[in-house]
S.K.: 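One structure, as structure tokens, below. Some questions next.
We number each residue from 1, following the sequence as shown. Quantities reported herein were computed from a predicted structural model and do not represent experimental measurements.
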Amino acid sequence: MSSALANGLAGAGGGIIAQIITYPLQTVNTRQQTERVSKEGRDSRGSALFQILQVVRSEGLLGLYSGLKPSLLGTAVSQGVYYYFYQVFKNRAEAIAAANKKRGRGDGSVGMFSWLVVAALAGSLNVLLTNPIWVLVTRMQTHTQAERKIVEAKRETLLKEASQNALTASSLEAKLAELDSSKPLPYGTMLAAREVYDESGVTGFWKGVIPSLIMVSNPSIQFMIIESLSKQLRTKRAAKKKDVQNITALEIFVIGAFAKLGATVCTYPLLVVKSRLQAKQEISGNVSLRYSGTVDAIIKMIRHEGFRCFYQGMRTKIVQSVFAASVLFMVKEELVKVFAVLANKSMFKSVAADIK
């Protein structure tokens with residue numbers, strides 16, 4: 001098994017495990033990001049605790065796992081694609097660095113900028129191939145929230161009509177009761193896909209792709225930090241005549257957490273913009289709640305909600321993403337070791353068979 005394939009499979013496995021463990025926080029965070037609150041009306045509705053309690057109370061525990069199936073598929077594909085191409089480009093970068101050393105240029109190691117380019121290339125391919133899956137996941141995570149906004153808009157319309165004597169008291173009471181008794185229809189992956197296609201056609205599945213491509217800098221920064229810290233750790237151990245390759249799972253966990261924290265803080269505003277674009281737009285008659293593109297979203301968010309909206313739910317995201325990244329890297333590295341052992345055993349058996 002090639003190192004690229006082993007890393008791709010290990011990344012997919014680690015990503016799935018991390019996603020299952022942290023998915024409730026991810027669901028809550030997506031709803032926090034897409035919650036529209038005016039500059040004057042900001043309150044505790046965006047807190048993680050309130051969102052969790054609200055989801056459990058109105059939708060049950062399963063509400064915290066809305067969109068889990070396509071999310072697991074997206075995680076497996078995304079992590080597999082990313083780590084596969086990351087290893088391919090990494091191998092190429094290391095080969096170029098080694099060739100340069102032979103020519104008398106450099107010490108044979110890959111520099112920070114090269115790691116950044118490697119991670120950016122792998123991330124860009126990943127975004128272009130998997131964006132449709134994440135559009136569906138975002139829709140499913142925020143569906144109940146969008147439906148609640150629609151109900152609130154209808155209620156406001158009925159009360160306005162009643163205040164203008166367009167509705168009688170009995171008629172208003174009946175319509176409000178009917179509105180309160182209505183429940184959202186089951187919202188599966190196919191229904192979400194049909195809704196996206198009806199709204200924007202095929203291009204709708206690539207909503208948010210521009211901020212997503214810019215956000216490639218997140219894993220790029222993350223992997224640059226990881227590779228640099230890992231290199232420093234190996235160098236120190238080599239100087240102390242310790243096993244250069246002996247980086248423990250706990251150390252990988254800590255390095256992954258630190259790297260993800262730095263990358264998340266730098267790129268979080270773009271994540272909020274992406275979630276806003278991918279969520280259902282037609283949630284009321286208010287034009288300020290609908291975005292035609294990335295620039296339009298940024299302008300309207302600043303105008304109607306202020307700069308603070310770009311950091312809505314950031315604390316929740318930091319907890320979720322740092323823990324998920326730590327679990328992912330720890331599991332991935334352990335799986336890579338397992339694959340290496342299995343490959344060695346297979347090679348040993350092959351050699352033994354040839355000797356016989």
Side-chain angles (χ1 to χ4, degrees), residues 1-15 18 75-103 105-130 212-238 243-249 251-260 262-263 266-267 324-344:
M1 182 184 293
S2 68
S3 61
L5 181 58
N7 275 270
L9 292 174
T75 297
V77 174
S78 180
Q79 296 298 334
V81 167
Y82 186 88
Y83 281 110
Y84 177 82
F85 285 107
Y86 178 80
Q87 192 64 38
V88 168
F89 295 136
K90 177 182 177 181
N91 292 343
R92 181 59 180 163
E94 289 175 339
I96 292 173
N100 287 337
K101 182 180 180 181
K102 290 181 179 179
R103 299 188 187 101
R105 295 187 303 216
D107 59 358
S109 63
V110 180
M112 278 194 181
F113 180 75
S114 296
W115 286 131
L116 195 65
V117 172
V118 165
L121 289 172
S124 296
L125 285 171
N126 175 38
V127 166
L128 293 173
L129 292 172
T130 64
S212 293
L213 285 171
I214 300 173
M215 278 178 59
V216 163
S217 59
N218 183 298
S220 299
I221 294 169
Q222 179 183 342
F223 276 90
M224 182 180 68
I225 295 172
I226 288 170
E227 295 293 349
S228 299
L229 291 178
S230 299
K231 179 182 175 182
Q232 290 178 17
L233 189 57
R234 289 191 179 98
T235 301
K236 287 182 179 180
R237 291 193 171 172
D243 185 358
V244 178
Q245 300 298 324
N246 187 25
I247 298 179
T248 66
E251 289 169 334
I252 294 170
F253 185 95
V254 174
I255 290 173
F258 183 77
K260 191 63 178 179
C266 292
T267 61
S326 303
V327 172
L328 188 155
F329 286 117
M330 184 174 65
V331 174
K332 171 187 170 290
E333 291 302 319
E334 292 304 309
L335 288 176
V336 168
K337 292 176 184 177
V338 170
F339 290 147
V341 170
L342 292 176
N344 288 335

S.K.: From the options Val127, Thr130, Leu129, select the one residue that forms a side-chain contact (heavy atoms from CB on, under 4.5 Å) with Ser78.
M.R.: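 Only match with Ser78 under side-chain contact (heavy atoms from CB on, under 4.5 Å): Thr130.
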S.K.: Check whether more than 12 heavy atoms from other residues, nucleotides or ligands sit under 6.0 Å from atom OH of Tyr84, and answer yes or no.
M.R.: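 Incorrect, the count does not exceed 12.
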S.K.: Roughly how far apart are Leu213 CG and Leu128 CG, rounded to 0.5 Å?
M.R.: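 Reported to 0.5 Å precision, the distance equals 5.0 Å.
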S.K.: Of all heavy-atom pairs between Phe339 and Ala10, which one has the smallest distance, and what is that distance?
M.R.: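 Phe339 and Ala10 have their closest heavy atoms at CE1-N, 3.8 Å.
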S.K.: If you look at every heavy atom in Ala12 and Ala76, which pair is closest and at what distance?
M.R.: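 Distance-wise, the nearest heavy atoms are CB-O, 3.5 Å.
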S.K.: Looking only at heavy atoms, what is the nearest atom pair of Leu233 and Glu251, with distance?
M.R.: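 Smallest interatomic distance, heavy atoms only, reads CD2-OE1, 3.9 Å.
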S.K.: Are Tyr83 and Leu328 side-chain neighbours, meaning at least one heavy-atom pair lies under 4.5 Å?
M.R.: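 Yes, side chains in contact.
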S.K.: Enumerate, atom names and distances included, each donor-acceptor pair closer than 3.5 Å involving a side-chain atom of residues 92-100, sequence neighbours excluded.
M.R.:
unit_1	atom_1	unit_2	atom_2	d
Asn100	OD1	Arg103	NH1	3.2
Asn100	OD1	Arg105	NH2	3.3
Asn100	ND2	Ile96	O	3.3

S.K.: In Å and rounded to the nearest 0.5 Å, what is the OG to CZ distance from Ser109 to Arg234?
M.R.: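 One gets 12.5 Å once the value is rounded to the nearest 0.5 Å.
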S.K.: Please give me the minimum heavy-atom distance between Ser114 and Val110, naming the atom from each residue.
M.R.: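 Looking at all heavy atoms of both residues, the closest pair is CB-CG1, 3.3 Å.
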S.K.: In Å and rounded to the nearest 0.5 Å, what is the NZ to CG distance from Lys337 to Leu342?
M.R.: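 Output value for this atom pair is 14.5 Å.
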